[in-house]
Novice: 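Sending over a structure as structure tokens; questions will come in a sec.
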2 protein chains.
Amino acid sequence: MLRAMSPDQPPDLPAELLLLRTRSLTSVAAQEIERLIVSGAIPAGSRLNEQALAARLGISRGPVREAVRGLERQGLVVTVVNQGSYVRSISAEEALELYDLRALLTGQACERLAAAPPPATVPRLSGLVTRMERAAEADDAPGYYALNLDFHAALLELGAGPRAQRIYDDLGKELNLFRRRALVQPEKMRESNAEHAAILAAIHAGDPVAARAAAEAHVQGGKRRFAASHTPL
Amino acid sequence: MLRAMSPDQPPDLPAELLLLRTRSLTSVAAQEIERLIVSGAIPAGSRLNEQALAARLGISRGPVREAVRGLERQGLVVTVVNQGSYVRSISAEEALELYDLRALLTGQACERLAAAPPPATVPRLSGLVTRMERAAEADDAPGYYALNLDFHAALLELGAGPRAQRIYDDLGKELNLFRRRALVQPEKMRESNAEHAAILAAIHAGDPVAARAAAEAHVQGGKRRFAASHTPL
DNA sequence: GCAGTGCAAACTGTTGACGATCGACAATCC
DNA sequence: GGATTGTCGATCGTCAACAGTTTGCACTGC
């Protein structure tokens, strides 16, 4: 049972070591910091202390700085020289523009889906709509929220290219800088899912114009619900 | 003439010092490396040698690494662990998607411009079209190219929000990874500018649908010209 | 002649340290 | 009493050095 012939064998970190062969510390730091930001663990507007983050992740400041620099390009943080990096806080106007852009991308994706749907498009979307319906009836807001994300991700995955998907995802992360987990109300869930069904119906009917219109209307509806709940003016 | 009372006054670097007060070495490195990439000085697919870049810029490897991380998030470079960063080379399919996204954004901007044009929209665009017409008649391809960029930038500046402009710019930089300065032919210039005029006419007429259609057709025309010249299949 | 092996150089990934700058607080002067 | 200035602590920006890995090349053996 004793292992001979390898006296100075490094301690076996099977998973971690294999992980570090593929991903650098910078990438895991970026992923973790991004998670902390979009999840709201680090609130918008707050400062990013480099050595605190480094200590938290058990690494040096170098990779942390590189990770933060990447997030800066992505638009999640802003940096002031000799002062530090802050989690970006976006204004209501900027949030509205993000909704517009998401509506644009979603509309385009749905238009293409209606014109030339890939195999298994309708069953997949239909299944998600059904599950959302069940979640709405059960007043399962978190479940509905997750399924909603899946539905929109599926729309772009099926109807748009990889670059458009990346932009859409980035916009979503940016949007999280404003709204801390949109509170979903029961009637809003049903309203929202009815729009989902409309999108699906247009796609199923092969009507690109209607699909685009339904998708844009749905995202704009989300924008309206967002505006009504967050900016009472 | 002798300067008293300030024996250890630092050497006067009026511009550079003021510059470094505002911009860190990382930012200037990022700007310079990005310039080298989009200008084609560093061809797509080639490796980015960190210490060579650092030596070229007269700085250390730290800021260079941070700058490269930013460009990685932006999509201009890809990094392989323990191997280095490479200037991203995009496929023809990816380039086509970039054209589609630019068409989408430009169409949206023009639709809004036609619906609610900001002050001085038509004169500004009209002036650019006129100058492009002169450049086309003079067979001034570089001049036309620059004016064309100005025209499209003006469309987005006037008709879209700041986030959309940023996305559009990023897509343009990414597109430069494929085509090395699209060679503009005389007849293509006139064809292109006729489409510019059509966009302007639709905006002037206040017809959002026509404006969007004209803009999308124009960018898609550029995509078609690009596809015809680059992928002879 | 060719495949395989071992070594060496180059480069990347990470760390620690140093200098510089900013904000806050206290002491001083008007 | 208020404003200004000086000092201190904290933190950022940058650099140089170390460790690990990859790559290329020469050498050996078949």
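In the text below, chain A, chain B and the rest are named by the order of the sequence lines, each starting its count at 1.
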Novice: Expressed in angstrom and rounded to an integer, what is the separation of A:Leu25 atom CG from D:dT21 atom C1'?
Specialist: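 Taking CG of A:Leu25 and C1' of D:dT21, I get 15 Å after rounding.
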
Novice: Nearest to the B:Pro63 side chain among C:dC22, D:dT14, C:dG13, which nucleotide is it?
Specialist: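 My answer, after comparing the listed nucleotides, is D:dT14.
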
Novice: At what distance, to the nearest 0.5 angstrom, does CD of A:Glu72 lie from CD of B:Glu66?
Specialist: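 Here the interatomic distance stands at 9.5 Å.
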
Novice: Output the rounded distance in Å from CD (A:Glu72) to P (D:dC12).
Specialist: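 A:Glu72 atom CD is separated from D:dC12 atom P by 14 Å.
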
Novice: Does the plane of the ring in A:His196 sit parallel, tilted or perpendicular to the ring in A:Tyr144? Use 30° and 60° as the thresholds.
Specialist: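 Because their plane-to-plane angle is under 30°, the rings of A:His196 and A:Tyr144 count as parallel.
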
Novice: Hey, does the side chain of B:Thr26 come within less than 4.0 Å of D:dT14's phosphate (OP1/OP2), counting only N and O?
Specialist: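 Answer yes for this pair, as a side-chain N or O of B:Thr26 is under 4.0 Å from OP1 or OP2.
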
Novice: Between atom CZ in A:Arg61 and atom P in D:dC15, what is the gap in whole Å?
Specialist: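 Going from CZ in A:Arg61 over to P in D:dC15 covers 14 Å.
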
Novice: Phosphate oxygens OP1/OP2 of D:dC12: is one of them under 4.0 Å from a side-chain N or O of A:Arg65?
Specialist: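 Negative; the distance criterion is not met.
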
Novice: In whole Å, what is the span from the CG atom of B:Asn49 to the P atom of D:dT22?
Specialist: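 One finds 17 Å between P of D:dT22 and CG of B:Asn49, rounded.
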
Novice: Rounding to a whole Å, what distance do you find between B:Gln51:CD and D:dT22:C1'?
Specialist: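 Rounded to whole Å, this separation is 14 Å.
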
Novice: Under a plain distance cut-off of 3.5 Å, with no hydrogens placed, do A:Asp100 and B:Gln108 share a side-chain donor-acceptor pair?
Specialist: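 Looking only at side-chain atoms, A:Asp100 and B:Gln108 do not form any donor-acceptor pair under 3.5 Å.
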
Novice: Quick check on DNA chain C: between A:Ile59 and B:Gly84, whose nearest nucleotide comes earlier from the 5' end?
Specialist: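 Counting from the 5' end, the first nearest nucleotide belongs to B:Gly84.
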
Novice: Donor-acceptor pair, distance only, cut-off 3.5 Å: does the side chain of A:Glu97 make one with the backbone of B:Arg163?
Specialist: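 A pair under 3.5 Å: yes.
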
Novice: Please report, rounded to the nearest Å, how far the P atom of C:dT14 is from the CD atom of B:Glu50.
Specialist: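 In whole Å, C:dT14 P lies 11 Å from B:Glu50 CD.
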
Novice: Between C1' on D:dG13 and CG on B:Leu57, what's the gap in Å once rounded to a whole number?
Specialist: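 So the CG-C1' distance, B:Leu57 to D:dG13, works out to 16 Å.
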
Novice: If you assign each of A:Gly62 and A:Gln83 to its closest nucleotide in DNA chain C, which residue comes earlier from the 5' end?
Specialist: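 Per heavy-atom nearest nucleotide, the more 5' residue is A:Gly62.
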
Novice: So, is B:Ser24 near the phosphate of D:dC12, with a side-chain N or O under 4.0 Å from OP1 or OP2?
Specialist: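 So the side chain of B:Ser24 is outside the cut-off, no N or O lying under 4.0 Å from OP1 or OP2 of D:dC12.
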
Novice: Starting at CD of B:Glu66 and ending at C1' of C:dT12, how long is that distance when rounded to a whole Å?
Specialist: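 Spelled out: CD on B:Glu66 to C1' on C:dT12 is 16 Å.
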
Novice: Name the orientation class of the two ring planes belonging to A:His218 and A:His152 (parallel below 30°, tilted from 30 to 60°, perpendicular beyond 60°).
Specialist: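 Parallel.
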
